[in-house]
Amino acid sequence: MAKVPTVDLSLFFREGYEDKKSKIVDTISKACCEYGFFQIVNHGVPLDLISQALKVSKSFFESPTEAKLKCSPLPNVPVPAGYNKKPNPSYEFSEFLIMLPPGSDFNIFPDNPPQFREVMEELFSQFMKIGMVVERILSECLGLPPCVLEEFNNDRSWDFLIALFYLPATEKERIGSNPHKDLSCFTIVLQNEVAGLEVQKDGEWILIAPQPDTLVVNIDDALQVLTKDKFKSPRHRVVRPNGRSRNSFAFFHNLSGDKWIQPLPQFTKEIAEPPKYRPFLYKEYLQKRRESKSKHITRIEDEITISHYAITEE
Ligand code: OGA
Ligand code: NI
């Protein structure tokens with residue numbers, strides 16, 4: 001049975017150990033090419049914060065609908081921060097709460113449980129921190145100096161965090177999140193002990209089995225374009241378990257919407273290869289994806305993806 005590798009990041013918080021680090025970099029590179037997914041342990045996010053965040057989030061989603069609806073997003077905001085429960089092709093049987101960076105004027109947090117805001121703001125900051133560590137490692141995985149992605153992508157204000165809650169499967173329907181690709185740079189997922197996240201590889205669905213104290217990382221669309229398909233944004237889904245609810249967090253290490261996205265020169269100009277994608281403004285892509293979601297696209301081939309910007313050779 002194929003298995004997405006898990007790597008220990010503890011050495012990346014220390015100087016030295018270059019040989020060992022380069023072995024880990026190799027394992028991650030291989031995982032990014034084969035699956036677009038890997039798991040990390042000893043990532044530095046405090047373990048008691050992880051268990052507290054899962055507990056606080058579950059308790060919010062299990063509160064009465066009326067209380068949850070009080071956290072509905074403000075009207076006419078660029079991102080619907082707050083509690084969302086509406087039919088959406090990707091999230092039919094889940095409820096979710098979107099959070100923007102701590103301090104954002106648009107964030108809407110519930111009053112109950114009382115520690116919700118504090119725990120989520122801390123989780124957000126910790127995810128930002130580990131995101132920057134992962135970004136440096138991914139740069140190395142691509143054969144680039146560690147700071148290349150960070151220098152391209154130095155605006156953290158577009159990052160966002162989603163707390164997700166999936167209802168138990170019904171006899172008729174088990175899908176919790178339809179097959180999709182994530183649109184940012186990469187995603188860090190924290191899942192509770194209830195399995196359900198799967199990645200598609202060679203036509204098969206492979207379970208990303210939950211492991212204690214472990215975070216999941218997957219490559220997203222923007223990084224696929226920047227690396228000119230060296231890393232691929234994997235199609236994944238969530239299947240709901242029987243008889244239990246599942247809760248998770250997805251943190252999107254994003255890019256500024258004002259960035260023009262196209263393969264980095266290291267993958268084109270410097271090796272005299274064609275760029276494969278035409279440049280596009282990142283927020284235009286975000287907008288197109290949002291529009292396609294609201295249209296209830298059911299056929300996968302109709303979905304807007306980065307292939308929209310691919311240059312087809314005559
Ligand atoms: C997502 C996602 C996985 C999960 O939110 O894009 O794929 O386990 N989430 O909830
Ligand atoms: Ni996803």
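In listed order, ligands and their atoms are each counted from 1.
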* Asked: Between NE2 of His180 and NE2 of His236, what angle is found at the Ni ion (ligand 2), rounded to 10 degrees?
  -> 90°
* Of the listed options (Gln191, Arg246, His180, His236), which comes nearest to atom 8 (O) of ligand 1 when hydrogens are ignored and any heavy atom counts? -> Arg246
* **Sub-4.0 Å heavy-atom approach of Phe249 to ligand 1** => no
* Asked: In chain order, what residues pass the ring-ring contact (aromatic ring centres under 6.0 Å, His included) check against Tyr83, with sequence neighbours excluded?
  -> Phe60
* Non-hydrogen atom of Tyr166 closer than 4.0 Å to ligand 1 -> yes
* **Where ligand 1 meets Ser248 - atom numbers and elements under 4.0 angstrom, heavy-atom basis** => 4 (C), 8 (O), 10 (O)
* To do: Considering only NZ, NE, NH1 and NH2 on the basic side and carboxylate oxygens on the acidic side, decide whether Arg289 and Asp221 come within less than 4.0 Å.
  => yes
* Asp182 atom (N/O/S) at minimal separation from the Ni ion (ligand 2) -> OD1
* Asked: Can you find an N/O atom of Ser177 closer than 3.5 Å to an N/O atom of ligand 1?
  -> no
* To do: Classify the contact between Asp182 and ligand 1 as side chain, backbone, both or neither, using a heavy-atom distance cut-off of under 4.0 Å.
  => side chain
* To do: Below 4.0 angstrom from a heavy atom of Ala250, which ligand 1 atoms are there? Numbered from 1 as shown, please.
  => 5 (O)
Donor-acceptor pairs under 3.5 angstrom involving side-chain atoms of residues 123-137: please list them, not counting sequence neighbours.
from: Ser125; atom 1: OG; to: Glu121; atom 2: O; distance (Å): 2.9
from: Gln126; atom 1: NE2; to: Glu122; atom 2: OE2; distance (Å): 3.0
from: Glu135; atom 1: OE2; to: Asn153; atom 2: ND2; distance (Å): 2.9
from: Glu135; atom 1: OE2; to: His253; atom 2: NE2; distance (Å): 3.0
from: Arg136; atom 1: NH1; to: Glu150; atom 2: OE1; distance (Å): 3.2

* Salt bridge flag under 4.0 Å for residues Lys23 and Asp26 -> no
* To do: Given ring-ring contact (aromatic ring centres under 6.0 Å, His included), test Tyr277 with Tyr309 step by step and report yes or no.
  => CA-CA 5 Å; Tyr277 292 93; Tyr309 301 104; 8.2 Å; no
* **Mode of Phe165 contact toward ligand 1 - side chain, backbone, both, neither (heavy atoms, under 4.0 Å)** => neither
* Should Asp220 and Lys181 count as an ion pair when the cut-off is N to O under 4.0 Å? -> no
* To do: Kindly say whether Leu149 contributes a backbone atom to a donor-acceptor pair with the side chain of Ser139 at under 3.5 angstrom?
  => yes
* Structure fact -> If we number the atoms of ligand 1 from 1 as shown, the ones under 4.0 Å from a heavy atom of Phe252 are 6 (O)
* So, does Arg240 use its side chain to make a donor-acceptor pair with the main chain of Ser94 at under 3.5 Å? -> no
